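These numbers were taken from a predicted model, which means no experiment stands behind them. Side chains included, hydrogens not; waters and symmetry mates left out as well; all remaining heavy atoms used.
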Amino acid sequence: MIVLENQNRQAVGEIEVHSYDCNRLQEMTPTAMLRYAEEVADEHLGAFDMPYARLHALQTVFLLTAVGVRVIRPPRMREKLRIVTWQRT
């Protein structure tokens, strides 16, 4: 679920870690973490009237310029996560 916080121009995604995003130790993989961040960023663009189809029609791309991830411990299966994206000005 994506929630927009227009005051800060942020998008907040809340997800639950699924088994298919985990390794054999039931820990979320780094690849899955980045994929969810990309999904929230994509929803964020759509909320500001720049969905993928419009970018494609304008022959424009969405470029992820920075990702900051600090993993203190890997999220585990069925945990709920909060992912925040924001627009850099």
Measuring from Met77:CE to His18:NE2, what's the distance to the nearest 0.5 Å?
11.5 Å
Under the side chain to side chain contact (heavy atoms under 4.5 Å, CB included) criterion, do Val12 and Arg82 qualify, and how do the steps go?
CA-CA 7 Å; Val12 179; Arg82 185 173 187 262; 3.5 Å; yes
For residues 21-28, please give each side-chain donor-acceptor pair under 3.5 Å, one per line with the distance, not counting sequence neighbours.
unit_1 : atom_1 : unit_2 : atom_2 : d
Asp21  : OD1    : Arg35  : NH2    : 2.2
Asp21  : OD2    : Tyr36  : OH     : 2.5
Asn23  : OD1    : Leu25  : N      : 2.9
Asn23  : OD1    : Gln26  : N      : 3.3
Asn23  : OD1    : Glu27  : N      : 3.1

Smallest separation among heavy atoms of Leu81 and Pro75, with atom names:
CD2-CB, 3.7 Å
Report yes or no: do Val17 and Leu34 belong to one cluster of Ile/Leu/Val/Met/Phe/Trp/Tyr joined by side chain heavy-atom distances under 4.5 Å?
yes
Hey, what do you get for CD (Glu38) to CD (Glu43), rounding to the nearest 0.5 Å?
10.0 Å
Answer yes or no: does atom CZ of Arg78 have more than 12 heavy-atom neighbours from other residues, nucleotides or ligands under 6.0 Å?
no
In the structure I gave you, are the side-chain heavy atoms of Glu39 and Ile15 within less than 4.5 Å of one another anywhere?
no
